[in-house]
Amino acid sequence: MGSNGGQAPIITIVALAVAKVLQVCNFGITNSRSRGSKSTSRLDDWSGEEEEALRRDSESNLRTQNASNEEYDVFLSFRGPDTRNGFTSCLNSSLRNAGIRVFFDNEELKFGKKIGGELLKALDKSQIYIPIFSKGYANSSCCLQEIAYMVECTSTSKGKKEILPIFYDVNTDDVKLKTKLYKKAMPEHQKKFGSDELKRWEDALLEVAHIKGWNLKGKRQGEQIELIVEEVSRKLNSRHMIVTGHWVEDSARVEDIMKLLDVGSNGVRFVGIHGMGGVGKTTLAKVVFNKLLSHFERYTFLEDVRASSQSHGGLLELQKKLLSDLAGHGVANQIKDVDCGIKMIKKALSNKEVLIVLDDLDKKEQLENLAGKSDWFCSGSRIIITTRDESVLTAQVGVSSKEVLNPPEGIFRYEVCEMRFDLALHLFCKHAFRSDSAPEEYGALSTEIVRTVGMLPLAVTVIGSNLFDWGKDLEHSDKREVWDETLQKLKKGPFKDVQDTLMISYERLEDKHQEIFLDIACFFINSDKTYPIIMWKDCGYFPSIAVRVLSQRSLIKFKEDRFWMHDQVRHNRIWMHDQVRDFGRYIVLQIYPRKFCRVWIREDALKLLEGEKRNEDVVALSLTSDGCSRSIESKELVALPNLRFFRMKGIDILGNFENLLLELRWFSWEIMHKEFYVKSFQFPNLIVLDLSRSNIEDDWGGWSQMQMTKKLKILDLTDCTKLTRAPDFSNFTSLETLILARCSNLITIHPSISKLQLLETLNVKGCGSLRELPEEVSSLQSLKHIIMPENFQPLKLPERFGNLKSLLSLRLSLHPKICRIPDSIGGAMNLTRVTLRECVGIKELPSSIGELKLLEELDISNSGIVELPDPIGNLKKLRVLTVSRTKIKEFPHTIGGLEMLEVLDGYKSWDLTDKNLEEIGKLFHLKTLNLAFTSVSRLPPEISHLHLQKLEVGSIDLQQVPSLPSSLKFLAVQAMDFSLVPHPSSITDLGHLELYRFSNLRIRYHSTRQDYDSKLKAALMREQPCYQLPSHLSHLKLKSISPLPQFSNLLNLRVLHLIECPISHLPVNPGLTHLRELNITRCESLEEIPGLSLLRSLEHLELNGLNRLVEIQGLSELETLQYLLLSSCDLIGKLPNLSKLGKLQHLELEACLNLRSIEGIEGLESWVFGSRGRTILKRLLNIPRSTWLCHRLPITDVFLSFKGPDTHHSIVSYLHSRLLWNQMSVYSDNDDLRSNEETEETIQESLANSNIYIPIFSRNYVSGHWCLRILAHMVKCTSESKGKRRILPIFYDVEIDDVKLKTDLYKSDLDKHQVNFDHDEVKSWKEALIKVAALRGFVLKNNSYEEVLQSVTEEVYKARKLLDVDS
């Protein structure tokens, strides 16, 4: 901070507000010894003194009461207008962050008044006084009275109190009254207070002026503040750790660690905070340490253990410091070596509850010698570790010898990643501008800088501070130039301070690990790790160990690979922080012994090639065409004999390559032209050949030139869309991975694939034209993985499929046209997983499935299978069996033989009955049983003896439920009559409970029972039980339950959902005060929610379909609320003022017809809500000004109309899933599944709230009247929408002429409708059919499913954009 004290007017306000919130909440921890700061408001302009006098008098008693029991470490005395919004607020914040209790009185004494009440008590109860002498200090009678009283208190304190003056913008001579600055103010004070009082003030000024303090003139205020805090901490003998004055606290991270530490619970807990260098681990540990001090009598913070332990005897000295802090110097001085130290730590601390922070460990040995085992410490102790190396946290900290209560579960781990962007920007602004936000002209630059450094706290802090220092004496144009140059420099590499921090981690790597690190930084970020590992392994780099070390030391991470509709998530993609990447590239360019050993910049690569100068240092080269025509001749590569990685894109190569690139392991070539001009395309050590996204065709000349590729392990032809047949593989006999993914025109695979006896992975995902896997595939004895196409066309599997003895998994999800599994499948003896999800064409499993002795998972959900074969009982290793959403009616009597089964899932298998359910009682390893929405009427009594953790059961016929297992943690029951269900209150560990009562006809979608109505009527007449719920519940969901249970004992409840419950009001009692999430849906009688304001911890609130709710009382008091959704609350016309909802980040409003505006939210003052559609508002937290992003969306993106039996398990199912995957809302109008409650009005409302209409024309589409009526509404809504709505017809198994009524297919059904419906209505149906048939749509005979799904998704996105633009 510069010398001008008014440079940070806003930071103080925010800091004090945050301080106040933290003081009140204190993250759920309260203790009389906790440290905090006391703040009032200061208005000290002379012109307002008399005006404020009466208010001060009226408040003095209340403030005195509040302060009377508080003690302070520091009393700050200052003149408000001079320093309040700048230096003093920063000093106050820094002292508070260090855990020092500060009295920060920023309300000036009014004219003619004497200090008293709270001020006197605060002065009496403070240890250190800090007067901040500014130019206007002597103008304030309050300040002069305070300084005089400080001197008196200090003189009578016997050395217990001390004054530490700060000379802000004055000299000591000014305070000594040797200049006119302070002297000229004295006569005015004499008139009001008399000469005696004036003399006392002057004497005090003279005395304090002679005390050594801090003179800030010409010095950096940020550095001076840290020195002041350090000195104050030392004088207070405080163990609080000093946190930089410009730190921005991430309260979510602090709270996460607090939860892991769980202070107050029994046992000893270790928590490891790990992450890359510079990410803020130590600062986070300091903040947590400061917050927890008041809970421990003994505590220590051992800083920089890594560096301290490197010197001879370093560990011994650390042991001595630990013992000195926790047990005293006498104990510490007794130890002579490390082993003695371990024994003494055990002996001295085993009966002491301690808090220990071990900062920056890099070896397990350090932990083992300082806090090795949990039984070294008393129950209640907490040990916090920070490290860059996650492997340190694998140390075994369990009990070493004796039995202890509540043994630890190992070291709890918390990874610190880069900062959230809004917090990183805030931190940058605090350092670069000494303010909470950037000036308008620097806003975009600040944002770009923060994004460039990847929100790394160290980089943000260093760069912000440097920019502040460099620019404070410059004119705007010069300052702007410095900023622009800084940004350009950052794009080339990190600042030195950041480099130095990262260098520590780099230098600790072995040489071969460094090579892999540099490869990743230059070429493999966001790449799958599989190929690089194979290359590195061939180079002798031992990559499996290396990547584990790099990951543990936070230099890389592995991100998830996710695919649409793919049921496996792999952590295979390499990720590296931008600053680490830039550091690695800096090493290559500036420090590495062989500079430019890796070349990835196009200009450098061209210069290297054009020079044709021999360079044995270059091991990796990447070159793209950049739109320019460029070829590489073989003579240019002669100069690079040690090249092992070569990547080209859009560039041709020419010449003879015989005896060239003999060390090449990886060749990646994206070919643009089909011509091939190379001779002897032979690389004897080639391991990876990547030709993905190339324009090569079947007759490409390169295949015939590849004669010496005997070592080739990977061939990647992904997205080679011009290939119709795979090449001859005869020359690739060492191949282990063959990738033909998304070769969309591939029809056949060459029979020579049978020669690939080392092949382990075959990937044909996305090969939509492939109709069969050749029989030769079944001869591949090493094949472990086949990644099948999600093929909507018929796909034939080899009859000898069972010969694949090494195959580990068979995944055939989304293959509706596969009709059977080969009978030979039982021979694939190593299969561990079989997935036939949504294979609706498969009606039965072959009996040989029972021969798969190693099978662990079998998933046939949504398939056409109607029966499980008896031999399934032979699957002794089966752990998961999923039959959900099938037409299976019973489990086989052999199911009891699945002795290792842990999960049995029959969810929404509506026809599943009780038969053979008693066999489930034999499944002693069963943990999860899901029989929800079935036809099961009873559960066998044997179930109560199982150790189930999760049970879901329910049907309209449910009558008998035995006593429930006491081991349950999750219970969901759906029934008509809960008087037949056992009371759950006895299940002491139950954390999640769902009770769903069938009370209307909506569930008839999948029920054909004629007696449903009578059963429902009888159940509704029976009195339902009023439950006393288990007190440990954290999640509770109730649907159609009446009366509601008592909530008073649910002190652990965090989530409450009430759906369709017949209640007029929701009583909020003390049992709900810890609630984090509340969802009330379609409780149509609900008129009020009294006591909502009591939910002081509520973060998530959803109110849906509450037609009688007029106002939301108490909403304005929910200061912790982050997410608010209001939907279809028709009577709400206005929300209460939301000015206190400072944490609100997501506001969603949907179909609230009378709601027009929102008041009290900064950034939304003039915003007006439109009642139609769905509006989502998301706040960008760039303090202080709140910016909201607004998106207006339809309530439903897509309206699907179809005839269920024709299309539901084919195109509709996939289209529905694809849209949901892309976060698009869908209304599915299935003519056959509609309940009587769904009126035409409801359907019209859904049509009005949708943008895209998709009728799916099938052979029976017009057999019922409802699809026709909907189609007519679609045409009407579209014509009235002025182009904002569209109809996208899909012609499933009919021709366009059928829909145009040019054939008899639809005409015959319409003739029948003429008899039962009005002539004009039938005429409108015919006109609608003809109109829609003329629109651009999709004929499934001409388009693949994938093309249809992709096109529909794109159209929905376009419709969304149109709605946003219109709004």
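All values reported here derive from a predicted model rather than from experimental measurement.
Side chains of L1126 and L1135 form a contact here, defined as non-hydrogen atoms less than 4.5 Å apart. Residues R388 and M276 have side chains not in contact (no heavy-atom distance under 4.5 Å, counting atoms from C-beta outward). V357 places none of its side-chain heavy atoms less than 4.5 Å from the side chain of L302. Residues L216 and F167 form no side-chain contact, since every pair of their non-hydrogen atoms from C-beta on lies 4.5 Å or further apart. Side-chain contact between D484 and Q488 is absent, with no heavy atoms from C-beta onward closer than 4.5 Å. Taking the side chain as every heavy atom from C-beta outward, I100 and R96 never approach each other to under 4.5 Å. No side-chain heavy atom of H431 sits under 4.5 Å from any side-chain heavy atom of F468. Within the 4.5 Å cutoff, the side chain of P81 has heavy atoms near those of the R79 side chain.
Geometrically, R573 does not engage F558 in a cation-pi contact, judged by NZ or CZ lying under 6.0 Å from the ring centre and within 45° of the ring axis. Annotation: cation-pi pair R84/F78 absent, no NZ/CZ under 6.0 Å from the ring centroid and within 45° of its normal.
No donor-acceptor distance shorter than 3.5 angstrom exists from the side chain of D360 to the backbone of V305, with no hydrogens or angles considered. Under a 3.5 Å cut-off, the side chain of D169 and the backbone N or O of K135 do form a donor-acceptor pair. Remark: the backbone N or O of L474 is not paired with any side-chain donor or acceptor of D478 at under 3.5 angstrom. Checking side-chain atoms of R382 against main-chain N and O of D262 turns up a donor-acceptor pair under 3.5 Å. A distance-only check finds no donor-acceptor pair linking the side chain of T1073 to the backbone of L1095 [under 3.5 Å]. The main-chain N or O of P494 is found under 3.5 Å from a side-chain atom of Q499 such that the two form a donor-acceptor pair. Checked by atom type and distance alone, the side chain of D73 pairs as donor or acceptor with a backbone atom of R101 at under 3.5 Å.
The pair E1077-R1054 does not meet the salt-bridge criterion, since no charged nitrogen lies less than 4.0 angstrom from a carboxylate oxygen. The residues R220 and D469 are annotated as salt-bridged, a charged nitrogen and a carboxylate oxygen being separated by less than 4.0 angstrom. With salt bridges taken as basic N to acidic carboxylate O contacts below 4.0 Å, one links R581 and D578. Electrostatic pairing of E1119 and R1096 does not count as a salt bridge here, judged by no charged N lying under 4.0 Å from a carboxylate O. With respect to the salt-bridge test (charged N to carboxylate O, under 4.0 angstrom), the residues E441 and K479 do not qualify. For R553 and E390, the salt-bridge test fails: no basic side-chain N is under 4.0 Å from an acidic carboxylate O. A salt bridge does not link E415 with R253: none of the charged nitrogens is closer than 4.0 Å to a carboxylate oxygen.
Here the straight-line distance linking atom CZ of F104 with atom OG1 of T88 works out to 6.5 Å at 0.5 Å rounding. Annotation: the span from N215 atom CG to Q224 atom CD amounts to 9.0 Å, rounded to 0.5 Å.
Side-chain N/O atoms of H274 and D389 include no donor and acceptor closer than 3.5 Å. Using a 3.5 Å distance cut-off with no hydrogens or angles, the side chains of S1116 and N1137 do not pair a donor with an acceptor.
When all heavy atoms are compared, the tightest approach of T83 to I132 is CG2-CG2, 4.4 Å. Nearest heavy atoms, A424 versus M455: CB-CG, 3.6 Å. Here the closest non-hydrogen pair linking L76 and L91 is CD2-CD2, 4.0 Å. Counting all heavy atoms, side chain and backbone alike, G584 lies closest to A521 at CA-CB, 4.0 Å. In terms of heavy atoms, I273 sits closest to I257 at CD1-CD1, 3.6 Å. In terms of heavy atoms, V453 sits closest to A459 at CB-CB, 3.9 Å.
Ring centers of Y442 and W483: under 6.0 Å apart, within the cut-off.
Aromatic ring pairs are classed by plane angle as parallel below 30°, tilted from 30° to 60° and perpendicular above 60°; the pair F428 and F433 is perpendicular. Using cut-offs of 30° and 60° on the angle between ring planes, the pair Y168 and F87 is tilted. Below 30°, between 30° and 60°, or above 60°: for Y299 and F289 the angle between ring planes is above 60°, a perpendicular geometry.
Under the salt bridge (Lys or Arg N to Asp or Glu O under 4.0 Å) criterion, K281 pairs with no residue at all, not counting sequence neighbours. For the ring pair (Phe, Tyr, Trp, His ring centres under 6.0 Å) test, no residue two or more places apart in sequence or in another chain qualifies with H1074.
For the side-chain contact (heavy atoms from CB on, under 4.5 Å) test with I384, the passing option among L355, L260, L358, L284 is L355; the others fail.
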Residue pair K491, T452: steps toward the side chain to side chain contact (heavy atoms under 4.5 Å, CB included) verdict: CA-CA 7 Å; K491 289 181 177 179; T452 299; 4.2 Å; yes
Worked verdict on F421 versus T447 for side chain to side chain contact (heavy atoms under 4.5 Å, CB included): CA-CA 9 Å; F421 172 74; T447 296; 3.6 Å; yes
Stepwise side chain to side chain contact (heavy atoms under 4.5 Å, CB included) check, K430 with R434: CA-CA 4 Å; K430 290 186 78 168; R434 299 302 191 262; over 6 Å; no
